[in-house]
Amino acid sequence: MKNKELAEIFNRIADALEFQGANVFRVIAYRKAARTLEELAEDIAVLNKQKRLDSLPGIGRAIAEKINEYLTTGKMKKYDEVTKAIPAQLLNMLDIQNLGPKTLALAHKELGVKDLKNLKKVIEDGSLAKLPQMGNKKVENIKKGIEFYERGHERMSLEIAEETANRIVEYLSKKAKITKITPAGSLRRCKESVGDIDILATGKQGAKIIKHFTRFPETKRILAAGATKGSIILKGGIQVDLRIVDPKSYGAALQYFTGSKAHNVRLRNIAKFKGLKLSEYGLFRDKKMISGKNEQEIYNILGLIYIPPEMREDRGEVELALKNELPRLIELKNIKGDLHAHSTYSDSTATIKQLADFAQKLGYEYILITDHSKSARYAHGVEQKRLYRQWEEIDNVNNKMKRLHVLKGAEVDILPNGKIDYSDKILKKLDLVIASIHQGFTRNVTERMCAAMDNPYVDIIAHPTGRLISSREGYTIDIYRVMEKAAATGTWLELNAYPDRLDLNDVNLKAAKEMGIKIAIGTDAHNIEGLLWMRFGIATARRGWLESKDVVNTHPFKNLLRSRKINKK
DNA sequence: GCCGTTTTCGGCCCGACTGTTTTCAGTCG
């Protein structure tokens, strides 16, 4: 699929245009098209062939033509033009904090800066500081930006973001005079990875609170400290922004700082259309504030029903909210059991009994034990003899449990040769079977997965794309074809709730739902606490617009096994 | 460059902070 490739190209064109000082809205247009392509589950080439490009948001005639040009000739004139005119290394530097397109262009034009090495040189010899509008402090900030840039600035997992935000909220709540405080931004939207942490608070003495904030023990550097806004970098490199607003603006500020940017633009447009103005301070008619305290009220006055933060990405939620047709998103309390958990039989530290006890404590009706199959040597995969022993143990545990059912499952490897790692004879005896790829990430993954789904005993495909958020792209795979096969065979696809996986991701989940595919949420726990990751699974499911009915482990125990594909034919 | 319950042309969100300046430009979110 060329989707990602094209997205990259359009982002690159946007960078170049920005550098050249083009109309900012043209730049935004290219970025929007790039975003659409990044999030598209379907193959852009297929859409192009069917002449359906104009149905995509942010893609009009000009960009559609460019896409077609690239898909048919392998080239794009516009892209060649801009990359020829501007060295790639120059555009990369736009990622440096405090160094924007204007300054970079100035340095390029006046001092001949072409790469990072040049830039450092003109900083050191003082020539950059002498340019118009520049000065020592500005240059100093760019220098700090370079340091940050060179260390690498990865996004953090949702789990780390949550922990970090909690620590800061606790610190601020203790001493500063704050009436309300909450994380906002992408953390509140539960995005799979968080770039920096936004926190919103109310209080009378903004400057004092900000000052206290900058003294947070983990602070490494203070980026800004005003009367209503402060910004710090923690020792681990995480940036945290704090905004203080008046209580009467709390709802508007919460709405604004939760974002996403694209979602907010839509809302402000609607406000404008109604002759109103929406800002982080409130909703205004002329100069008069008509709402601001309460977030929900703002949505309602604009004619929308309340949109949950997880949906606020401008992926069609605004249109549905206008028509009062938003899905009723799944909640953690709808979950009746965990469908992916490892025990000490393979590579977990938790015994079956411990998992069962904790699952019961969580209020579950069932838990599926899914240890690795025999070929997974790295994970102490379970061979036949030990599998039988595990079944005995599960029977014993079940006898002791009050309410909870421990189910016999397995996470069976789909081997590089396409075979399933247990015989059908064994699979048949299991309550539920998960199949997954752990080897041969580039070898016919799509075909192997599709073949696995043809097996009537394979109920679930685990972490279907194989990506690790922090470190790995994922398998070489056509996820759309995999989803088509899942829909055709009635195989469930997993939403793996392990914070570094969250796979399927939000965008793929939404596509899967539209195709009628059922989702199984499993934590992939390798210890007791891992079962608590379910909340990240739920957050991601909500980002994928899933409702209770789309997720199989919202079924009560008596219906769960009945809904297997083998029992439906 | 996109898009339309307005407007097929003319909009396209808007404010805080900083640093450079004496009224504003650049960057960021």
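In what follows, every chain begins at residue 1, and chains take the letters A, B, ... in the order their sequences are listed. Please read these numbers as outputs of a predicted model, since none were measured by experiment. Values reported hereafter were calculated over all heavy atoms of this structure, with side chains retained and with hydrogens, waters and symmetry mates removed.
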Peer 1: Looking for any heavy atom pair under 4.0 Å, which part of the strands does A:N264 touch: base, sugar-phosphate only, or nothing?
Peer 2: nothing

Peer 1: For A:A224 and for A:A29, find the nucleotide of DNA chain B with the closest heavy atom, then tell me which residue's nucleotide is more 5'.
Peer 2: A:A29

Peer 1: Pairs of donor and acceptor atoms involving the side chains of residues 52-64 of chain A, under 3.5 Å and at least two apart or interchain, shall be tabulated with distances.
Peer 2:
{"residue": "A:R52", "atom": "NH1", "partner": "A:Q50", "partner atom": "OE1", "Å": "2.3"}
{"residue": "A:S55", "atom": "OG", "partner": "A:R52", "partner atom": "O", "Å": "2.6"}

Peer 1: If you look only at pairs with a residue in residues 235-254 of chain A, which of them pass as a salt bridge (Lys or Arg N to Asp or Glu O under 4.0 Å), with sequence neighbours excluded?
Peer 2: A:R243-A:E280

Peer 1: Remember a base hit wins even if backbone is also touched, and classify A:A227 as base, sugar-phosphate or nothing at under 4.0 Å, heavy atoms.
Peer 2: sugar-phosphate

Peer 1: Between atom NZ in A:K77 and atom C1' in B:dG1, what is the gap in whole Å?
Peer 2: 18 Å

Peer 1: Look at the side-chain N and O atoms of A:N141 and state whether any lies under 4.0 Å from the OP1 or OP2 oxygen of B:dG19.
Peer 2: yes

Peer 1: Counting only Watson-Crick pairs (N1-N3 plus N6-O4 or O6-N4) and G-U wobbles (N1-O2, O6-N3), all under 3.5 Å, who is the partner of B:dT8?
Peer 2: none

Peer 1: When syn is taken as a glycosidic angle within 90 degrees of 0, is B:dT6 syn or anti?
Peer 2: anti

Peer 1: On a whole-Å scale, what distance lies between the C1' atoms belonging to B:dG29 and B:dC13?
Peer 2: 12 Å

Peer 1: Roughly how many Å apart are B:dT8 and B:dG1, using the C1' atom of each and rounding to a whole number?
Peer 2: 14 Å

Peer 1: Could you run down nucleotides 24-29 of chain B 5' to 3' and tag each one B, S or - for protein heavy-atom contact under 4.0 Å?
Peer 2: --SSSB

Peer 1: Taking only N/O atoms, report every protein-nucleotides 3-9 of chain B pair under 3.5 Å with atom names and distance.
Peer 2:
{"residue": "B:dC3", "atom": "OP1", "partner": "A:G58", "partner atom": "N", "Å": "2.8"}

Peer 1: Flag yes if more than 12 heavy atoms outside A:N136 fall under 6.0 Å of its CG atom; otherwise flag no.
Peer 2: no

Peer 1: Which pairs count as ring-ring contact (aromatic ring centres under 6.0 Å, His included) when at least one residue sits in residues 95-114 of chain A, sequence neighbours excluded?
Peer 2: A:F19-A:H108

Peer 1: Rounding to a whole Å, what distance do you find between A:Y281:OH and B:dG15:P?
Peer 2: 8 Å

Peer 1: Name all residues meeting the salt bridge (charged side-chain N to carboxylate O under 4.0 Å, His left out) criterion together with A:D506; count only those two or more places apart in sequence or in a different chain, and write none if there are none.
Peer 2: A:R315, A:R543

Peer 1: Could you state the NZ-P distance from A:K137 to B:dT21, rounded to the nearest angstrom?
Peer 2: 13 Å

Peer 1: So which of residues 286-313 of chain A are in contact with DNA chain B, with a heavy-atom cut-off of under 4.0 Å?
Peer 2: none

Peer 1: Considering just the side-chain nitrogens and oxygens of A:R268, establish if one lies under 4.0 Å of OP1 or OP2 belonging to B:dC13.
Peer 2: no

Peer 1: Ignoring backbone atoms, test whether A:S279 places a side-chain nitrogen or oxygen under 4.0 Å from the OP1 or OP2 oxygen of B:dC13.
Peer 2: no

Peer 1: Can you measure A:I209 atom CD1 to B:dA16 atom P for me and round it to whole angstrom units?
Peer 2: 17 Å

Peer 1: Round to a whole Å and report the spacing from CE of A:M134 to P of B:dG19.
Peer 2: 12 Å

Peer 1: With a 4.5 Å cut-off on side-chain heavy atoms, are A:Y171 and A:R167 touching?
Peer 2: no

Peer 1: If you measure from the P atom in B:dG15 to the same atom in B:dC9, how many Å do you get, rounded?
Peer 2: 31 Å

Peer 1: Whole-Å distance between B:dC2 P and A:D314 CG?
Peer 2: 16 Å

Peer 1: According to side chain to side chain contact (heavy atoms under 4.5 Å, CB included), who are the partners of A:I146, at least two apart in sequence or on a separate chain?
Peer 2: A:I96, A:L116, A:L119, A:K120, A:I123, A:I142, A:E150

Peer 1: I need the CG-P distance between A:L276 and B:dC14, as an integer number of Å.
Peer 2: 12 Å

Peer 1: Among residues at least two apart in sequence or on other chains, which ones pass side-chain hydrogen bond (donor to acceptor under 3.5 Å, both in side chains) with A:H263?
Peer 2: A:Y299, A:E317

Peer 1: What's the spacing between A:T164 OG1 and A:I238 CD1 if we round to 0.5 Å?
Peer 2: 4.0 Å

Peer 1: In residues 197-206 of chain A, what donor-acceptor pairs under 3.5 Å come from side-chain atoms, sequence neighbours left out?
Peer 2:
{"residue": "A:T202", "atom": "OG1", "partner": "A:T179", "partner atom": "OG1", "Å": "2.4"}
{"residue": "A:T202", "atom": "OG1", "partner": "A:K180", "partner atom": "N", "Å": "3.0"}

Peer 1: In whole Å, measure the gap between the C1' atoms of B:dA25 and B:dT20 for me.
Peer 2: 8 Å

Peer 1: For A:E162, is there an ion pair with A:R535 - N to carboxylate O distance below 4.0 angstrom?
Peer 2: yes

Peer 1: Who are the side-chain hydrogen bond (donor to acceptor under 3.5 Å, both in side chains) partners of A:R266, not counting sequence neighbours?
Peer 2: A:D314, A:E319

Peer 1: Heavy atoms only, 4.0 Å cut-off, all strands: where does A:A225 land among base, sugar-phosphate and nothing?
Peer 2: sugar-phosphate

Peer 1: Using atom CD1 of A:I142 as one end and atom P of B:dT18 as the other, report the distance to the nearest whole Å.
Peer 2: 16 Å

Peer 1: Would you classify A:K274 as touching base, sugar-phosphate or nothing, given that sugar-phosphate means primed atoms plus P, OP1 and OP2, and contacts are heavy atoms under 4.0 Å?
Peer 2: nothing

Peer 1: In chain order, what residues pass the side chain to side chain contact (heavy atoms under 4.5 Å, CB included) check against A:K77, with sequence neighbours excluded?
Peer 2: A:E69

